[in-house]
Amino acid sequence: MAVILTPTKTAAINPLKSSQPLGAALAFLGVDGALPILHGSQGCSSFALVLLVRHFKHMVPLQTTAMDQIATVVGGADFLEKALVKLKARTWPRLIGICTTAAAETRDEDIAGDIFDAKGARPRKLIDTEVVLARTPDFAGALEEGWSKAVTAMIEAITRPGQQDRDPATVVILPGSNITVSDVEHLRETVESFGLIPLILPDVSGGPDEAVRDRWIPIARGGAKVELIRDLGAATLCIAIGEQMRRPAEALQGLTGLPYVMFGSLTGLNNADRFAWLLAAISRDNAPTAVRRGRMQLQEAMLSGHFHFAGKKVAIGSEPDQLLQFSQFFIGMGAVITAAVATTGDSKALQIVPTDTVKVGDLGDLEELAVDADLLVTHSHGRQAAERLAVPLMRVGFPVFDRIGSQHKLNILYRGTRDMIFEVANIVQATQGLPPARAPPETVLMR
């Protein structure tokens, strides 16, 4: 069990984490027709929007209640009500996700009561729209905690409570914030290949990753349907991916009695095997040919790639679930984790990270601990540290803004693990340097 080292600095140097409201907004964007609203000042939303646009490389629907200085002191109920009414009239969302920021949370406002009063005062204005509140102050937690709170809030507010008739072919999947667009697509394809029906919440494969359209649509398109969220309890099993999704899975079980199975990660041969065995047990059928072929390809990649991993020193800085995901991957390939830095220390996933210690800190801490590392693994804000350390950087997580296609990188199951082996092996080969040049013939003759 890893020892968790708590922060000792009074200020962050080159921050590693993103805020809770940003994580909650990302989760809401995985719902069809959703509109996330940051309840706070305009600056809070502007900063989050910049990161989202730079990461996804296109506009992202995100709004704000635009609280001013007076509202920060006396309360922002009026600003919240006006935002709900105006945005409903302009965009007609199926779901409005309220993500609170420090500006609203510092006063410990009764925001749930404010929403209730707003809906009571304007019943016709807010009809046919689900309004979901996620309490996500910036001054606590990190991105994955905001994501978890948003998914939990959606289940508690929308899912129909009580025991329902189970569909033996339907499976609920709750992916964590470290699951990419391609990961979600591959999850869906894999589950469907077993003859099962996946209900994925949030489904980011159709939300923030939309194709170019001829006009701007100010709400999320694609993703999980609100109607399907309402009927999650009719599935046969819930699969939660990442410790951050334990809370939503428990909320769903408490509401509907739906049992759940936890996966700390879906990366690596053992984790992918466990997932395939579970699907085979649910479907009562053997794994399809494509899945078995993917396993064989991964075994071949592990055999070819382990020469480039063995003994390599790796430093990782990320959210807790992603830290567990990548540390298990590198350890399984024979590498050594010399530095592990997490954004928050509240996740139980940190206790099973395969390293002696996990530091809760920032990119400054990662740089100090990675002086002898061969590879740095973190998001794009770690590029300056990688340059100073003169080590290659493997970009993972959020945000990745100085490369394109990060949301289309596959990191899970047999195929994703195979691709990651190839990526890391190619980075190692490209940075090992060329062999020393041979001496010219003239020099040999002079000797």
Side-chain angles (χ1 to χ4, degrees), residues 1-5 7 12-18 142-144 176-180 183 242-244 264-268 271 305 308-345 347-400 403 406 409 411-412 416-417 419-421 423-425 427-428 431:
M1 182 178 293
V3 176
I4 314 302
L5 304 178
I13 302 171
N14 196 3
L16 172 64
K17 71 176 182 179
S18 296
L143 184 142
E144 76 170 30
S177 58
N178 55 315
I179 301 296
T180 67
D183 289 342
E243 183 62 35
Q244 61 187 291
S265 166
L266 290 184
T267 300
N271 292 325
H308 304 285
F309 283 78
K312 295 297 180 183
K313 300 175 182 177
V314 181
I316 308 174
S318 66
E319 299 283 335
D321 279 341
Q322 193 165 59
L323 180 61
L324 175 64
Q325 174 189 11
F326 280 91
S327 60
Q328 287 182 341
F329 164 73
F330 280 106
I331 289 292
M333 289 299 297
V336 180
I337 307 299
T338 58
V341 179
T343 57
T344 175
S347 175
K348 293 181 180 179
L350 298 179
Q351 299 175 3
I352 56 174
V353 171
T355 183
D356 293 335
T357 61
V358 175
K359 174 70 175 178
V360 179
D362 53 28
L363 289 170
D365 296 314
L366 182 64
E367 186 174 348
E368 291 179 4
L369 297 171
V371 289
D372 61 343
D374 300 309
L375 178 67
L376 201 65
V377 181
T378 188
H379 51 60
S380 290
H381 289 303
R383 64 195 188 283
Q384 296 96 341
E387 291 174 1
R388 288 190 289 267
L389 294 170
V391 296
L393 171 64
M394 180 181 178
R395 292 164 173 82
V396 301
F398 180 91
V400 176
R403 296 292 186 272
S406 60
K409 287 177 62 176
N411 301 318
I412 64 169
T417 307
D419 292 349
M420 283 176 56
I421 291 173
E423 179 184 2
V424 175
I427 291 175
V428 171
T431 56

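Sequence positions, counted from 1, serve as the residue numbers for this chain.
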*Asks:* Between the main-chain N or O of L323 and the side-chain N or O of S318, is there a donor-acceptor pair closer than 3.5 Å?
*Replies:* yes
*Asks:* If you take all heavy atoms of A385 and E367, which pair is closest and at what distance?
*Replies:* CB-OE1, 3.6 Å
*Asks:* I want to check something: taking the side chain as every heavy atom from C-beta on, are P399 and H381 in contact at a cut-off of under 4.5 Å?
*Replies:* yes
*Asks:* Quiz question: by atom type and distance under 3.5 Å, do the side chains of N178 and Q325 form a donor-acceptor pair?
*Replies:* yes
*Asks:* Would a distance-only check, ignoring hydrogens and angles, find a side-chain to backbone donor-acceptor pair under 3.5 Å from D419 to G416?
*Replies:* no
*Asks:* Kindly indicate whether the side chain of V428, heavy atoms from C-beta on, has any atom under 4.5 Å from the side chain of L375.
*Replies:* no
*Asks:* Provide the closest heavy-atom pair for L369 versus A339 in the form atom of the first, atom of the second, distance.
*Replies:* CB-CB, 3.5 Å
*Asks:* Can you check side-chain contact (heavy atoms from CB on, under 4.5 Å) on K409 and E423, steps first, answer last?
*Replies:* CA-CA 10 Å; K409 287 177 62 176; E423 179 184 2; 3.0 Å; yes
*Asks:* Out of curiosity, I13 CD1 to L366 CG, how far, rounded to the nearest 0.5 Å?
*Replies:* 12.5 Å
*Asks:* Are side-chain heavy atoms of T180 and S406 found at a separation under 4.5 Å?
*Replies:* no
*Asks:* How far does CD of Q328 sit from OG1 of T355, to the nearest 0.5 angstrom?
*Replies:* 12.5 Å
*Asks:* Measure the shortest side-chain to side-chain distance between M333 and V424 over non-hydrogen atoms and say whether it is less than 4.5 angstrom.
*Replies:* no
*Asks:* Any chance you could measure I316, atom CD1, to M394, atom CE, to the nearest 0.5 Å?
*Replies:* 9.0 Å
*Asks:* Do side-chain atoms of K312 reach the backbone of F330 as a donor and acceptor pair under 3.5 angstrom?
*Replies:* no
*Asks:* side-chain contact (heavy atoms from CB on, under 4.5 Å) for F329 and I421? Distances and angles first, verdict last.
*Replies:* CA-CA 9 Å; F329 164 73; I421 291 173; 3.7 Å; yes
*Asks:* When you measure from the side chain of D362 to the backbone of N14, do you find a donor-acceptor pair of N or O atoms at a distance under 3.5 Å?
*Replies:* no
*Asks:* Shortest non-hydrogen contact from M420 to N411?
*Replies:* SD-O, 3.5 Å
*Asks:* Going by the rule side chain to side chain contact (heavy atoms under 4.5 Å, CB included), which residues pair with I352 if we only count those two or more places apart in sequence or in a different chain?
*Replies:* L324
*Asks:* Using 0.5 Å steps for rounding, measure from the CG atom of L393 to the CD atom of E387.
*Replies:* 9.0 Å
*Asks:* Testing the basics here: between T417 and G268, what is the closest heavy-atom pair and its distance to 0.1 Å?
*Replies:* OG1-N, 2.9 Å
*Asks:* Checking side-chain hydrogen bond (donor to acceptor under 3.5 Å, both in side chains) for the pair S177/E144: CA distance, chi angles, key distance, verdict?
*Replies:* CA-CA 6 Å; S177 58; E144 76 170 30; 4.7 Å; no
*Asks:* Taking all non-hydrogen atoms of both residues, which atom of L16 and which atom of L363 are closest, and how far apart?
*Replies:* CD1-CD2, 3.6 Å
*Asks:* In Å and rounded to the nearest 0.5 Å, what is the CG to OG1 distance from D356 to T338?
*Replies:* 11.5 Å
*Asks:* Is there side-chain contact between R403 and S380, with heavy atoms separated by less than 4.5 Å?
*Replies:* no
*Asks:* Are more than 12 heavy atoms, taken from residues, nucleotides or ligands other than K313, located less than 6.0 Å from that residue's NZ atom?
*Replies:* no
*Asks:* Could you grab the distance from atom CD1 of I4 to atom OG1 of T344, nearest 0.5 Å is fine?
*Replies:* 10.5 Å
*Asks:* Using atom types as modelled and distance alone, determine if a side-chain donor or acceptor of T343 lies under 3.5 Å from a backbone N or O of K17.
*Replies:* no
*Asks:* Between A425 and F309, what is the shortest heavy-atom contact and its length?
*Replies:* N-CE1, 4.3 Å
*Asks:* If only atom types and distance count, is the side chain of D321 paired as donor or acceptor with the main-chain N or O of E243 below 3.5 Å?
*Replies:* yes
